[in-house]
There are 2 protein chains.
Amino acid sequence: MSDNDVMTAARTKTPEPAAAPTDPAAGPAVPARMGLRERKKLKTRVAIRDATYRLIREQGYEATTVEQIAEAAEVSPSTVFRYFPTKEDIVLTDEYDPLLEVELRARPADEPIVESLRHVLRRAVRLGFTEEPEVSRLRTTLMVEVPAVRSRMLESMSVTGRMLCRVIAERTGRDADDLEVRTFSMALIGALTEASAYWAEHDHEDDLGDLVDRTLDMLSAGFRA
Amino acid sequence: MSDNDVMTAARTKTPEPAAAPTDPAAGPAVPARMGLRERKKLKTRVAIRDATYRLIREQGYEATTVEQIAEAAEVSPSTVFRYFPTKEDIVLTDEYDPLLEVELRARPADEPIVESLRHVLRRAVRLGFTEEPEVSRLRTTLMVEVPAVRSRMLESMSVTGRMLCRVIAERTGRDADDLEVRTFSMALIGALTEASAYWAEHDHEDDLGDLVDRTLDMLSAGFRA
DNA sequence: CACCTTTTGACAGTTACTCTCATTTCATGG
DNA sequence: CCATGAAATGAGAGTAACTGTCAAAAGGTG
């Protein structure tokens, strides 16, 4: 998911260096590292994000201006906007949709999509948790408390929804733009996002993995009421 | 729904005058109209909205500034913001959640909620359509094309979701804050919103009522894939 | 008509975000 | 090691969506 809900909980990493071209013939034995340029860019990105998280924790979201963030990250405001299109994106942007898509495709094609999601999300929750539980919590809290952040998060849902459409379409042979495929996908996303909101609203007391499980159970059992 | 998706399609009316207190003992035979003050407020509200729709149709959403809207509606920018908290709200705000809630509660309590929604939404779509088809289309188009509007619309989904939770909770005896109730509701909302998006993206060629039907069919048939 | 309340407009200020341009910083081939 | 080109940065000006304040105007009431 591009950032929202459940995946929101998991991770915050920066994108992989995109496999540096390990030229076998030419270069030295050195693992063909990223150029200094790229390394610096990554550092800047991380610096901005870390500064943002810190400031928000200290003084809240609205009270934290981009100018402050820039100062804390030791860059100019211009640069902040070059790295992140909006303030909300600093908090939310991650690049997990592609990863999630890969993992979903790796599951057996005849497995019900709900079960595929169950496996993949469980793993994501576990990983995100052992790594940076605080970030998961901060994010979901902001999602519940700050309208702008919630909006941006909901926005990202539709991106993830498209991805889900593609996967489902491929499995079922239907079109990714099929009405049923699309509404089905968004129903899943909507439910899972709500599970994350529930988690945050209940002060993260439950185990997110369990909430996801229960949500998927509900979905696969079919709606009642 | 506070504004989003399917309900987006339906209506745009202004809120009912809130049943003027027809004091049977006191006042004159006059139907106890709204005071001049209230009538003026309504007129201003309508003027702002109409001006906004017109300007957006003429020059697009982003190109239309609040200042222009104010001028066209013959009020000051301050007043515009007094009536609508954000620019997106001018386009989106309606007050149909309460109405929808009433109609849902009017359905037999033992009817599956999906069927209740089917009846209520079908009627809403029909009404909204005979009345102001253009507004329905403009809205859904903006929802698909303008990120800010889409965000605001998604935002309103959660409000509608809460309402749905209350209705479902009452019918089933569960708590409105129950995880399953909440995720179930948001799955419904997510699916229906996506149906509206589908409608707009396909240039409103399909019949919205049919799309809603198919979506609800899919939901009640249970997920597959 | 006088008095009080609500609504309005004028205005100043904040902040997110955009654009442009000059400067600096890295990469690369000679 | 340096010259040249490309990319990243910073500075600064500008826009537009809001927010808050205060005084003037309009509506309601005795």
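Within every chain, numbering begins at 1; the chains are lettered A, B, ... in the order of the sequence lines, protein sequences first and strands thereafter.
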### Task
Round to a whole Å and report the spacing from CZ of A:Arg82 to P of C:dC19.
12 Å

### Query
Within a strict 4.5 Å, meaning less than it, do heavy atoms of the A:Ile90 and A:Tyr53 side chains meet?
no

Collect all protein-nucleotide pairs involving nucleotides 26-30 of chain D in which both atoms are nitrogen or oxygen and the distance is under 3.5 Å.
unit_1	atom_1	unit_2	atom_2	d
D:dG28	OP1	B:Leu36	N	2.9
D:dG28	OP1	B:Arg37	N	3.0

#### Entry: C:dT8 phosphate, OP1 or OP2, under 4.0 Å from B:Thr79 side-chain N/O
no

### Message
Could you tell me how far apart A:Leu42 (CG) and C:dC26 (C1') are, to the nearest whole angstrom?
### Response
16 Å

### Task
Examine distances only and state if a side-chain atom of B:Arg150 and a backbone atom of B:Val144 form a donor-acceptor pair shorter than 3.5 Å.
yes

### A:Gln59, CD atom: more than 12 neighbouring heavy atoms under 6.0 Å
yes

### Query
For the pair made of CG in A:Asp89 and P in C:dT18, what is the distance, rounded to whole Å?
11 Å

### Task
State whether the side chain of B:Ser158 and the backbone N or O of B:Gly161 hold a donor-acceptor pair below 3.5 Å, judged by distance alone.
no

### Query
What do the steps show when you test A:Leu55 against A:Thr65 for side chain to side chain contact (heavy atoms under 4.5 Å, CB included), and what is the final call?
CA-CA 9 Å; A:Leu55 288 170; A:Thr65 72; over 6 Å; no

### Message
For a quick check of understanding: with a heavy-atom distance under 4.0 Å over all strands, which category does A:Ser78 fall into, base, sugar-phosphate or nothing?
### Response
base

### Message
Between P on C:dT25 and NZ on A:Lys43, what's the gap in Å once rounded to a whole number?
### Response
14 Å

### Query
Starting at NZ of B:Lys41 and ending at C1' of C:dT8, how long is that distance when rounded to a whole Å?
12 Å

### Task
Using whole Å, report how far CZ of B:Arg152 lies from C1' of D:dC18.
15 Å

### Task
Report yes if some heavy atom in the side chain of A:Glu155 is under 4.5 Å from a heavy atom in the side chain of A:Ser151; otherwise report no.
no

### Task
Using only heavy-atom distances, decide whether a donor-acceptor pair under 3.5 angstrom links the side-chain of A:Ser76 to the base of D:dA11.
no

### Query
If you look at every strand shown and take non-hydrogen atoms under 4.0 Å, does A:Pro77 touch a base, only sugar-phosphate, or nothing?
nothing

### Message
Measuring from the side chain of B:Thr65 (C-beta onward, heavy atoms only), which nucleotide among D:dA8, C:dA16, D:dA16 has the closest atom?
### Response
D:dA16

### Task
For salt bridge (charged side-chain N to carboxylate O under 4.0 Å, His left out), just list the numbers for B:Arg45 and B:Asp50, CA-CA rounded to whole Å, side-chain angles, deciding distance to a tenth of an Å, and then say yes or no.
CA-CA 9 Å; B:Arg45 201 181 172 82; B:Asp50 287 352; over 6 Å; no

### Query
Does the side chain of A:Ser76 pick up a donor-acceptor pair with the side chain of A:Thr79 at under 3.5 Å?
yes

Show me, pair by pair, the donor-acceptor contacts under 3.5 angstrom made by side chains of residues 162-170 of chain B, not counting sequence neighbours?
unit_1	atom_1	unit_2	atom_2	d
B:Arg162	NH2	A:Glu201	OE2	3.0
B:Arg166	NE	B:Glu101	OE2	3.4
B:Arg166	NH2	B:Glu101	OE1	3.1
B:Glu170	OE1	B:Arg105	NH1	2.7
B:Glu170	OE2	B:Arg105	NH1	2.5

### DNA chain C-proximal residues of residues 66-74 of chain B, any heavy atom under 4.0 Å
none

### Task
Choose from D:dG10, C:dC17, D:dT9 the nucleotide whose nearest atom is closest to any side-chain atom of A:Val75.
D:dG10

### Task
Send over the distance from B:Ile90 CD1 to D:dA17 P, rounded to a whole Å.
9 Å

### Query
Going through the checks in order, is the side chain to side chain contact (heavy atoms under 4.5 Å, CB included) test met by A:Val146 and A:Glu62?
CA-CA 8 Å; A:Val146 182; A:Glu62 319 258 339; 3.8 Å; yes

### Query
Using a cut-off of less than 4.0 Å, is there contact between a side-chain N or O of B:Tyr83 and OP1 or OP2 of C:dT8?
yes

### Task
Check the distance between C:dT25's C1' and A:Arg39's CZ and give it to me in whole angstrom.
14 Å

